[in-house]
Student: 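Have a look at this one before I ask anything.
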There are 2 protein chains.
Amino acid sequence: MKTDTVFKRAYNDALGFIAGLPEGEILPSENALGRRLGVSRTTARKVVLALVAHGVISQGSERKILRRPDVIEERFPESETVPMSAQVERQFMDWLLRDDPRPGTTINERELARRFGVATTGIREFLNRFQRFGLIDKRPNAGWVFRGFTTSFALELFEVREMYEVRSAIAFAALPENSPLWRDVEALRREHEELLGHVAERYREFSDLDSRFHLLINSAAPNRFIDSFYDLITLIFHYHYKWNKRDERQRNEVAIKEHLTYMDALRSRNRGIIELACRAHLTSARESFMRSTQFRGETAAGRPKAERAAKQIP
Amino acid sequence: MKTDTVFKRAYNDALGFIAGLPEGEILPSENALGRRLGVSRTTARKVVLALVAHGVISQGSERKILRRPDVIEERFPESETVPMSAQVERQFMDWLLRDDPRPGTTINERELARRFGVATTGIREFLNRFQRFGLIDKRPNAGWVFRGFTTSFALELFEVREMYEVRSAIAFAALPENSPLWRDVEALRREHEELLGHVAERYREFSDLDSRFHLLINSAAPNRFIDSFYDLITLIFHYHYKWNKRDERQRNEVAIKEHLTYMDALRSRNRGIIELACRAHLTSARESFMRSTQFRGETAAGRPKAERAAKQIP
DNA sequence: TATTTGCCTCTTATCGACAAAAACCAACTT
DNA sequence: AAGTTGGTTTTTGTCGATAAGAGGCAAATA
């Protein structure tokens, strides 16, 4: 059966929303509430019912807020508010990182299902969606193979990334003076400078900034295929940052400076300069990426134990 | 339960294989047979059992071919040899073409399941895989929306295609003299010339040639992301050719000539010339593609009935 | 010793069931 | 008339079951 994560998340959100309201206030209509919580009226109604049952709002058609903070803190645990599919993704990535299977390892739907505590259907669905990221292959009637975080995976990924980004950067430069994106660049530049000033303590915040920066460049000329490729970039980097902490501060500092140069180049509107800065940054990003992780050769041959251990999550 | 399409296809193939063998010959081992049919020994064994039951080969451990042509013609119907997933794809594309839903139309898993005669799971799985082609979007808990064969779909598709192909063509020119791919180009060139000579009757064969040509260019520098994008190109063009017959002969003739010029350019090894020929061909292909089909604007607004009818399968 | 075959186990493909969530409808309120 | 609510219908998300197919082991054969 369906899980009720939607309801639980909505309920939690509703509590947060109510906490910010004065006591005695009348609750908004079911429709309005649903809109605010991002759910259908059916679910909003269920939330209202639960709120009444918990004594957070008054019974009857009145629906006044009673505000019982002690109860208000009784939320559903985080883990019950995230839909199964999202949980599978997380568990799968964690499994990938932790177990560190070598290229060519076959992936067993049934075993993953057991391990993750879900039905095989859920795993299947995830793998089917995940397939587009080029890390796994399907062999009909015989499961999936993990292609591995190989050198060629990284190279192919960055090759396409560079093609896309150079194209977007050049398109960006061609934006009209009054495009709101120019203001976004300036705002982002300030954030970069700010972060650079406190890089020693706050270098971890770069990951988010990085993602926003490249997404901004990309938004100059939207293309669904390019956008969807960024899902992959985001995913990989998200987990990459999580699992690899070596030289993180230094790597990030270098990248921040490159971003600044890159933004200067954009300002210049000069195509040649932009392309140069863009490629320089991406090349550097690729090398730091590959240096920081133990990418493997293509063969399924083993490698020393020590090397394996280096990739474990700290 | 699983369908037995694998077995049925294997059985049909086995009959074809046996038909080419002299009477009285001994059937190869189960392992060898399985390998030849592209199936596990378990299935090969099942095939052998069925062959015996139908009197095509002798009973016992002998397994001599009895060759009863009348029985040999009793194959399983085509439709029972194609796995459900493939059938869903075909039916979905046909539905897309025939019903011609407008952009923004919601897709109903349950209804498709009913219509296609499969369980919803099958539809879900297909839609999840199909999602990467950028034609549908998922709205959690509320089904899918068809984004439509819009102008922007075509433009975005061709933009990426051009980026990829120019990159591959240039990589192609850099191949060493002795690369076997050069021989493939020459062979393909001869096929083009041959086809051009009989274009009036055989213009339909171009579709296949086109696909092979671009795949060849692409194979100069393999990249999994680019390769996977070609799946989309192939799919779209496959169905495009099926549903759009307007000016087909003329369009194909033009394209053949462009391919020839393109191949000349490759021979020259000159980067500038190659890029020119490549872009010229792709631009022309894009325009012919867009002219030949009624691509719509982005809005969900209606359009005249006559225009709709033009897209029906003849 | 290397195949071939018989038997057995494990995995995948596909279905149907069912609760959660969305969508619809009609009576009701303001 | 526009919006709100109660009740009903439809659709999606998730599960478990089961036959088809893959793969492994060991006895038999060559």
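What you see is a predicted model, and the numbers here were worked out from it, not measured in a lab. Chain letters run A, B, ... following the sequence lines, proteins first and then strands; every chain starts at 1.
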Student: Both R114(A) and E30(B) contact DNA chain C. Taking the nearest nucleotide for each, which residue is further toward the 5' end?
Tutor: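 Nearest-nucleotide comparison on DNA chain C picks E30(B).
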Student: Could you state the interatomic distance from CD1 (I57(B)) to CD1 (I18(B)), rounded to the nearest 0.5 Å?
Tutor: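 One gets 6.0 Å once the value is rounded to the nearest 0.5 Å.
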Student: With a 6.0 Å cut-off (strictly less than), is the heavy-atom count around CZ of R90(A), excluding the residue itself, greater than 12?
Tutor: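 No, the 6.0 Å shell around CZ holds no more than 12 heavy atoms from other groups.
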Student: In this structure, how many angstroms lie between the P atom of dA20(D) and the CD atom of E80(B), rounded?
Tutor: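 Spelled out: CD on E80(B) to P on dA20(D) is 14 Å.
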Student: Report the distance from atom NZ of K46(B) to atom P of dT5(C), rounded to the nearest whole Å.
Tutor: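 Going from K46(B) (NZ) to dT5(C) (P), I get 19 Å.
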Student: Would you mind classifying the nucleic acid contact of I107(A) as base, sugar-phosphate or nothing, using non-hydrogen atoms under 4.0 angstrom?
Tutor: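 It contacts sugar-phosphate atoms only.
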Student: State which of dT11(D), dT5(C), dA21(C) makes the closest approach to the side chain of F7(A).
Tutor: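 Comparing dT11(D), dT5(C), dA21(C) against the side chain of F7(A), the answer is dA21(C).
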Student: Is any side-chain N of the basic residue among R124(B) and E125(A) closer than 4.0 Å to the acidic one's carboxylate O?
Tutor: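 Judged by the 4.0 Å cut-off on N to carboxylate O distance, R124(B) and E125(A) do form a salt bridge.
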Student: Would you indicate, yes or no, if dA22(D) has its OP1 or OP2 atom less than 4.0 angstrom from a side-chain nitrogen or oxygen of S40(B)?
Tutor: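 So the side chain of S40(B) is within the cut-off, an N or O lying under 4.0 Å from OP1 or OP2 of dA22(D).
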Student: Compare side-chain N and O positions of R45(A) against OP1 and OP2 of dG7(D) and report whether any pair is under 4.0 Å apart.
Tutor: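 Indeed not, no polar side-chain atom of R45(A) lies that close.
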Student: Dump the intermediate steps for side chain to side chain contact (heavy atoms under 4.5 Å, CB included) on F130(A) and M93(A), then the final yes or no.
Tutor: CA-CA 11 Å; F130(A) 191 71; M93(A) 291 306 286; 4.0 Å; yes
Student: For the side chain of T42(A) and the base of dA22(C), is some donor closer than 3.5 Å to an acceptor across the two?
Tutor: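 Donor-acceptor pair under 3.5 Å: yes.
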Student: Please lay out, stage by stage, how I136(A) and R147(A) fare under the test side chain to side chain contact (heavy atoms under 4.5 Å, CB included).
Tutor: CA-CA 5 Å; I136(A) 58 174; R147(A) 296 180 66 177; 5.8 Å; no
Student: Scan nucleotides 13-19 of chain C against the protein and return all N/O pairs shorter than 3.5 Å with their distances rounded to 0.1 Å.
Tutor:
unit_1  : atom_1 : unit_2  : atom_2 : d
dA13(C) : OP1    : N141(A) : N      : 2.9
dA13(C) : OP2    : R124(A) : NH1    : 2.4
dA13(C) : OP2    : R124(A) : NH2    : 3.0
dA13(C) : OP2    : K138(A) : NZ     : 3.4
dT14(C) : OP1    : T3(B)   : OG1    : 3.4
dT14(C) : OP1    : M84(B)  : N      : 3.4
dT14(C) : O4'    : M1(B)   : O      : 3.2
dT14(C) : O2     : M1(B)   : N      : 3.2
dC15(C) : OP2    : A119(B) : N      : 3.1

Student: Check this one for me: any side-chain N or O of T43(B) less than 4.0 Å away from OP1 or OP2 of dA22(D)?
Tutor: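 Yes, T43(B) has a side-chain N/O under 4.0 Å of OP1/OP2 on dA22(D).
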Student: Toward the 5' end of DNA chain D, which comes first, V6(B) or R35(A), by nearest nucleotide?
Tutor: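 Between the two, 5'-proximity favours R35(A).
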Student: Looking at dT4(D), I'd like to know if its phosphate oxygens (OP1 or OP2) sit under 4.0 Å from a side-chain N or O belonging to S29(A).
Tutor: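 Answer is yes, contact under 4.0 Å.
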Student: What is the distance from CD1 of I26(B) to C1' of dT4(C), rounded to the nearest Å?
Tutor: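 In whole Å, dT4(C) C1' and I26(B) CD1 are 14 Å from each other.
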Student: Side chain of R63(B): nearest nucleotide among dT5(C), dG6(D), dA22(D)?
Tutor: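 Selected nucleotide: dT5(C).
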Student: Crowded around K138(A) NZ? As in, over 12 foreign heavy atoms under 6.0 Å?
Tutor: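 Atom NZ in K138(A) is crowded, with more than 12 foreign heavy atoms closer than 6.0 Å.
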Student: Atom CG of L37(A) and atom C1' of dA22(C): how far apart are they, to the nearest Å?
Tutor: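 Going from CG in L37(A) over to C1' in dA22(C) covers 15 Å.
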Student: Tell me which of R41(A) and N108(B) sits closer to the 5' end of DNA chain D, going by the nucleotide each one is nearest to.
Tutor: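 Result of the comparison: R41(A).
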Student: Expressed as a whole number of angstroms, how long is the span from N31(A):CG to dT29(C):P?
Tutor: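 These atoms are roughly 18 Å apart.
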Student: Round to a whole Å and report the spacing from CD of E111(B) to C1' of dT9(D).
Tutor: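 Taking atom C1' of dT9(D) as the reference, CD of E111(B) is at 16 Å.
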Student: Quick one: do R132(A) and D231(A) satisfy salt bridge (charged side-chain N to carboxylate O under 4.0 Å, His left out)? Show the steps, please.
Tutor: CA-CA 10 Å; R132(A) 79 191 171 104; D231(A) 293 347; 3.2 Å; yes
Student: At under 4.0 Å, does any side-chain N or O of R110(A) touch on OP1 or OP2 of dT12(C)?
Tutor: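 For dT12(C), neither OP1 nor OP2 has a side-chain N or O of R110(A) closer than 4.0 Å.
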